[in-house]
Each structure stands twice: as structure tokens, then as C-alpha cells.
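Numbers restart at 1 for each chain; the letters A, B, ... are given by sequence-line order, proteins then strands.
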There are 2 protein chains.
Amino acid sequence: MNIGEASNASGVSAKMIRYYEEIGLIRPMGRTGNNYRVYGDEEVHILRFIKRARNLGFSLEETETLLKLWQDKSRESAAVKEVATAHIGDLERRIAEMQGMVKTLKHLAHCCGGDTRPNCPILDDLAGDGAVGGDASAPAMKRKTKQHA
Amino acid sequence: MNIGEASNASGVSAKMIRYYEEIGLIRPMGRTGNNYRVYGDEEVHILRFIKRARNLGFSLEETETLLKLWQDKSRESAAVKEVATAHIGDLERRIAEMQGMVKTLKHLAHCCGGDTRPNCPILDDLAGDGAVGGDASAPAMKRKTKQHA
DNA sequence: CCTTGACCTTCCCATGATGGGAAGCTCCAC
DNA sequence: GTGGAGCTTCCCATCATGGGAAGGTCAAGG
């Protein structure tokens, strides 16, 4: 199987497959005489594992950890659960942060006429003029991962 | 006022102030004889506007739009509201996406013993073995912005 | 046999917003 | 005049991904 077929079978782009190899997330693949990478069902399975982990929002680093645990037949399930629960906590923190933004924004948008007049409570809030805005002061934590498009 | 004072007064790091100037978000500042940038209350006000917009999750591009609307005294509040509501929609989409992940992950974590045994439904799901996992298939939209730390 | 097009390879660059740090200048206080 | 704090510019790193160029390879069809 060439990289294109492996890509189709796994849902991971060829570009990303090469990248994962480069950063050591997956082992360097064997090559044919023409220098093409060769993949088998095993590799496709691993790529799909990675794909699914990414879809659940795990970073590549976390995915690597999970991958190693998956391949370690003597792992303790507690280790896996710990990674998962930490990630859940992370997601929930980010969700709460964004919900705070939404709450404030909805309030401001509700107060804004949205017509042809220039008067606008949203801008007033951003400018710090009004005491309208809610709690958008906490700078928030760094984003850990980004979803692919 | 030097850049350090402007930074303190606005909550925007000196590094970012220079960056905002570089990308044209704020006008290049006047310099003193020693080549130091000089800031006044007006500039600090603008920086705080930017800071607040960023805290509400607006991208720098959206922030620029809002900034221009703010400075355009003949704006129509509808234009501002449109930017805000689009951003709300964006946030809500991302929240829903992450909530989907959380839901799936919580279910999986709940099913996982989290003990010393290797058996783990979380890994089984990632491996695609079980029919346990929920809907983490939709690839999701690109992240538009990232919160600073 | 040769062309065409679809693959594959590597390499570099861009994204978005931010921080880190080096090298070199200035300014102020002691 | 010296030390340290603050300013300047410049380059690099992050995280995960895509875009694209330049060049090799292969299979099918003329």
C-alpha cells in the first residue's frame, strides 16, 4: 500500500502521515525500490487510532502517550484514564471560558440596537466606557491543540 | 510615556504592542530622539480596547474591524452587532464541538476501571474495536483564534 | 517507444498570537 | 563612570496543518 491508499484508508492526509513519521509519532516506514513508503493494515490501524484521538481533541503529545499505552499490553488502565480525565478537565475549562465570553457577548448584543444609528453598547463596553460588560477579565489558559479542518 | 508604561497601563505586553504596530493594527508611534516609542492616553485607551476584544475571544482581524468601527463616529451599530453575533456563533460551534468530545470521553472514562488491569474501553474505542464511542467523527472547523496566556 | 497524468519524494513557507532571547543602544541614579 | 533597567531590532519556537515547487516513478494508451 502506498501513502495515498493509506491516507484514504485512515482518513489522515499523506502530508500528516509523513509529518507523524518525522516527529516520531509513528515508526519510519519501509520503502520500496522507488523510495515510496509502504504501508500495511497494521499501520492503517495505528493511523486510524491517531485520527480518532485527534477527533476527541487530544494533542499529538497525548496521542503519543495513548498510542504507547495501547501498544503496551501490560499497561494499567488507570494510566489511560488519567490522560483522558486530564483532557476532559482541560476541555471543560476551555468550554467554561468560552461560555463566559458568549454570555457577555449575548448580553451586549442584546443591548445593541443593530440599526443605522451609531450608538452601540458593544463598542462602549470594549472601550471601557460602560459598566455593561460581564467577566471577560481572566486571560485564560493556552490552547493546547487545534482541530484539523 | 514609554512602551513599558503603556504596557502596564493597558495590560498588553510590550512585545505585543510592537507586533500590533508591525501588522498595522495600531498606527506607528512617534519616536523620541533616542528612538523610543512615545505613547499617550489615547493610545493606551486603544490598547485596552484591543485587550478587551481579545479577552472576549475576537481574533485580531475582528478586533481591527471593531476598532475601525469604534473610531468611525458615523458607523451603523448593525455592523458592530454583526461582527459580535458572528463571533458568538463561532464560539457556540466550538463549544458544541468540545462538549461532544467531553460527552464521549466521560462515557469512556466511566466505563474504564482505572485500576491496575490492562483492559481499557478507552483504548478499545480509539482502536475502533468497540461500538462504545459516541460521535467524535465530525472533523470540526478551524480554530480562529487563541487566547494568550 | 514515448507521452501524459497521477502518483510519490523532499524542501521551504505560511498560518495565529504569543513568548524567549540575543546583541546593542540609552538613560538615570548612585 | 558604572551598573542596571529599559528600549531597539532581529531571529526563533510554539502547534498542527496545508500549499506548492522541483524532480523522480510508474502505468496506461497513443
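For the pair Met1(B) CE and dG6(D) P, the interatomic distance rounds to 16 Å; values are reported in whole Å. Protein atom CD1 of Ile3(A) is 13 Å distant from nucleotide atom P of dC7(C), rounded to whole Å. Computed from coordinates, the Glu5(B) CD to dA5(D) P distance equals 16 Å when rounded to whole Å. One interatomic measurement links the two molecules: CE of Met29(A) to P of dT10(C), which rounds to 13 Å at whole-angstrom precision. Here the P atom of nucleotide dC10(D) and the CG atom of Asn35(B) are 11 Å apart, to the nearest Å. One atom, CE of Met16(B), and another, P of dT8(D), lie 14 Å apart when rounded to the nearest Å. What separates NZ of Lys51(B) from C1' of dA17(C) is a distance of 12 Å, to the nearest Å. In this entry the distance linking CD of Glu61(A) with P of dC15(D) reads 7 Å, nearest Å.
Residues satisfying the side chain to side chain donor-acceptor pair (under 3.5 Å) criterion with Ser77(A), sequence neighbours excluded, are Asp115(B). Considering only residues two or more places apart in sequence or on other chains, Glu21(B) meets the side chain to side chain donor-acceptor pair (under 3.5 Å) condition with Arg37(B). By the side-chain contact (heavy atoms from CB on, under 4.5 Å) test, Ala14(A) is found to be paired with Ile3(A), Arg18(A), residues two or more places apart in sequence or in another chain being considered. In this structure, the side-chain contact (heavy atoms from CB on, under 4.5 Å) partners of Glu61(A), at least two apart in sequence or on a different chain, are Ser59(A). Partners of Glu82(A) by side chain to side chain donor-acceptor pair (under 3.5 Å), not counting sequence neighbours: none found. Residues that satisfy the side-chain contact (heavy atoms from CB on, under 4.5 Å) test with Thr116(B), not counting sequence neighbours, are Glu76(A). Asn2(B) is linked by a side chain to side chain donor-acceptor pair (under 3.5 Å) to nothing, counting only residues two or more places apart in sequence or in another chain. Every residue was checked against the side-chain contact (heavy atoms from CB on, under 4.5 Å) condition with Arg27(A), not counting sequence neighbours, and none meets it.
The distance from the CE atom of Met16(B) to the CD1 atom of Ile23(B) is 8.5 Å, given to the nearest 0.5 Å.
In this structure, Lys51(B) contributes its side chain and Gly11(B) its backbone to a donor-acceptor pair below 3.5 Å.
Screening residues 25-50 of chain B for ring pair (Phe, Tyr, Trp, His ring centres under 6.0 Å), with sequence neighbours left out, gives His45(B)-Trp70(B), Phe49(B)-Trp70(B).
Side-chain nitrogen and oxygen atoms of Arg54(A) include none within less than 4.0 Å of the OP1 or OP2 phosphate oxygen of dC15(D). At dT9(C), one or more side-chain N or O atoms of Arg37(A) fall inside 4.0 Å of OP1 or OP2 (strictly under the cut-off). Close to dT17(D), at under 4.0 Å from its OP1 or OP2, lies no side-chain N or O of Ser13(A).
Here dA16(D) is the nucleotide among dT9(D), dA16(D), dT18(C) with the atom lying nearest to any side-chain atom of Leu60(A). Considering only the side chain of Arg18(A), dT9(C) comes nearest among dT9(D), dT9(C), dC7(D). Candidate nucleotides dA16(D), dT9(C), dA17(C) were compared by shortest atom distance to the side chain of Ser59(A), and dA16(D) ranks first.
Across residues 19-26 of chain A, Tyr19(A), Tyr20(A) each have a non-hydrogen atom less than 4.0 Å from an atom of DNA chain D (numbered order).
Taking the screw axis at each terminus of the helix from dC1(C)-dG30(D) to dC30(C)-dG1(D) from five consecutive base pairs, the angle between the two is 30° to within rounding of 10 degrees.
Taking 4.0 Å as the cut-off between side-chain N and carboxylate O, Lys68(B) and Asp72(B) do not count as a salt-bridged pair.
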Exercise. In the 5'-to-3' direction, what one-character label does each nucleotide of nucleotides 20-30 of chain C receive under the scheme B = base within less than 4.0 Å of a protein heavy atom, S = sugar-phosphate only, - = no such atom?
Worked result: BB----BS---
